[in-house]
Amino acid sequence: MFVGRETATAPLCGKSRHRKRAFFWLVSLLLASLVWFVSVRLSDRGDAALQRGLLGFGAAVSVLLQELFRFAYFKLLKKADEGLATISEDGRSPISLRQMAYVSGLSFGIISGVFSVINILADSIGPGTVGIHGDSPYYFITSAFLTMALVLLHTFWGVIFFDACEKRRYGCLGLVVASHLLTSGLTFLNPRYAASLGPIFIITLCTGLWAFVTAGGSFRSLLKCLSCKQEDDSRVMTYSALRVPCED
Amino acid sequence: MSEESEESVPLLPLQQESMASALFNTDQNDNSERRRHDNSGRRRNDNPESETNGQPQNNIQQVVEQDEEEDEELTLKYGAKHVIMLFVPVTLCMVVVVATIKSVSFYTRKDGQLIYTPFTEETETVGQRALNSILNAAIMISVIIVMTILLVVLYKYRCYKVIHGWLIISSLLLLFFFSFIYLGEVFKTYNVAMDYITVALIIWNFGVVGMICIHWKGPLRLQQAYLIMISALMALVFIKYLPEWTAWLILAVISVYDLVAVLCPKGPLRMLVETAQERNETLFPALIYSSTMIWLVNMAEEDPEAQRKATKNSTYDKQAPANQTRNEDAEADDGGFSQEWQQQRDNRIGPIESTPESRAAVQALPSNSQTSEDPEERGVKLGLGDFIFYSVLVGKASATASGDWNTTLACFVAILIGLCLTLLLLAIFKKALPALPISITFGLVFYFATDNLVQPFMDQLAFHQFYI
């Protein structure tokens, strides 16, 4: 098997990795919609509560499928990474698993966010009144905040997920999936925004901290980054230090 | 101005035919393959239209011995670059098409059909509509096949003048006539008052510069920009004049045709490519998008070499080869010559300005670059027809989908993933490959799936403000 060829997917620059992940998310969404569609077709259209329940069921299936695809992508990247490492000069792959985890989460987040919000954005240009039928007038702003939270969450989940898979900490994995389900479930409480937005932001913050710690950050590294101190790299010699070797 | 242009377009069968058949097919011909690496053999007899600066003298010592492994690694590394180099123009073309479709209503209005698709789709029964669209697609495909074979025959019997004349007429039509209509419609949409004199000046300049860039010489970026623009214009014409079911059918059949024409031993496009390779010529410049200059590849910004740029005319400090600071006031375009390459060249043949005389002198030097193929100099070429059909798919998706932006985005991602996979296969097989089948298949699957399955789901979720 051509390991070299197979790994061509992995070392692609950020943009194409984003595309691959976006693709995976899309496929998961497709499958989830298929499940929902079939279930709706088989059910009674008139019953509103049932429809809502089915929607919830569809959402849950979608969440599970997304996580499944994230796992599948992790497996794919792991294989590619190993291949890359074997063919590179110093035995290490040029992209660390952490970077891949970050990009993976980010692209899942971006495509998920874009899919959720783009139609709302497009509609927000046109003439209309928000909440004219008695719905909440804060629809747009809350959608914006929720989408932002979701994008960030996906990024953090990506980092934590990959790390957990790498270190085989299945408890963490389960926690990530559970928090995704919880977040999605909380949005079902809309338009009672106090009940949904608040907890979602708290979850976002906590997950962010958890991802930061998982990625190896600490309070000290944060300070170092913020103080913009130039690290003295001992490998680099300033030009004046170079001397022409003595003739005698 | 508006009325005449609207009616005149369907009433000019001759021009349209020549244009559509000429460009359409010549694009077709290219679209289907034209993706191959530029190898050193062909670099010699080169392209008048891009800046050829003579034969490669560079990096030969650096790249001389390459193991299989290093070669493979470089292929991967540069394969990744090529993917990005093609993503950007394809994305740009699609963005232009989608932006136009969304804002200029002219291109979504039904104003008749092309004469190649004579059967109407406004019929009473679904069966009749299906039959009509199948017939339309069949007629269109046969026209394409005939034109392709004609082109191959002309090429084989060396009727270059006829081919060039054909190409020039079609690019004239595109660059002047269609862009005039486009400009008119954009002005109408935004209610901009404009006089004929200004428009004439704008279109004249646009067209003439375009003809020069595409058929003769010009800056690479400008040539690429013009090729993207004419692909977008052509795609818009298709989106406007092809009825729905016909369009989807044509896309599907074209990808099958592409597959057959490029991969079968007797396929017309394969014969075209092989004839061109035998004669050591490049194919028609007006029909292929090339991501690099023939001479050296222009690296993406994140490449460390690209960061060590220098102006073409600056004198090189030979004593400080280790000086890797970026030249802040350097022109962005150093023609892809990295600083270390220039220093190497200077070390070998002395510092020279790049003048025609010096270039001729360099060309006269014996070259020993026959065997070593510098991977940096490989570029990727994509036929314009590929651009056109990708944009047609995304444009049709944005024009007619109920899912609107979701569907458009899904098709966009699907096409890019297909392109990525195709480039991967290209890196593996290293021969001309059809660019349409994988992308169009993914695009079509995602279009229909998203429009019918995902859209209702997302719609319901968004209605209740649920997030997944």
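A note on names: the letters A, B, ... follow the listed sequences, proteins ahead of strands, and every chain is numbered from 1. Because the structure is a prediction, the values reported are computed rather than measured.
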Name the member of B:L409, B:D459, B:T450 that forms the most heavy-atom pairs with chain A at distances under 4.5 Å.
-> B:L409

Separation between CZ of B:F466 and CG of A:L146, rounded to the nearest 0.5 Å | 12.0 Å

Among A:V63, A:L186, A:L150, residue most engaged with chain B (heavy-atom pairs, under 4.5 Å) | A:L150

Does any heavy atom of chain B fall under 4.5 Å from the side chain of A:S62, the backbone, both, or neither of them?
-> side chain

Applying a strict 4.5 Å limit to non-hydrogen atoms, the region of A:T183 in contact with chain B is neither

Donor-acceptor contact below 3.5 Å, side chain B:Y467 vs main chain A:G113 = no

Greatest number of heavy atom pairs closer than 4.5 Å to chain B - which of A:I111, A:L189, A:T147 | A:T147

Taking atom CG of A:N119 and atom CG of B:N406, what is their separation to the nearest 0.5 Å?
-> 4.5 Å

If you look at every heavy atom in B:F463 and A:Y139, which pair is closest and at what distance?
-> N-OH, 4.4 Å

Is the number of heavy atoms from other residues, nucleotides or ligands within 6.0 Å of OH (A:Y138) greater than 12?
-> no

Distance from B:I468 atom CD1 to A:F115 atom CZ, nearest 0.5 Å?
-> 9.5 Å

Has A:F188 got more than 12 heavy atoms of other residues, nucleotides or ligands less than 6.0 Å from its CZ?
-> yes

B:Q465 to A:S143 - nearest heavy-atom pair and separation | NE2-OG, 3.0 Å

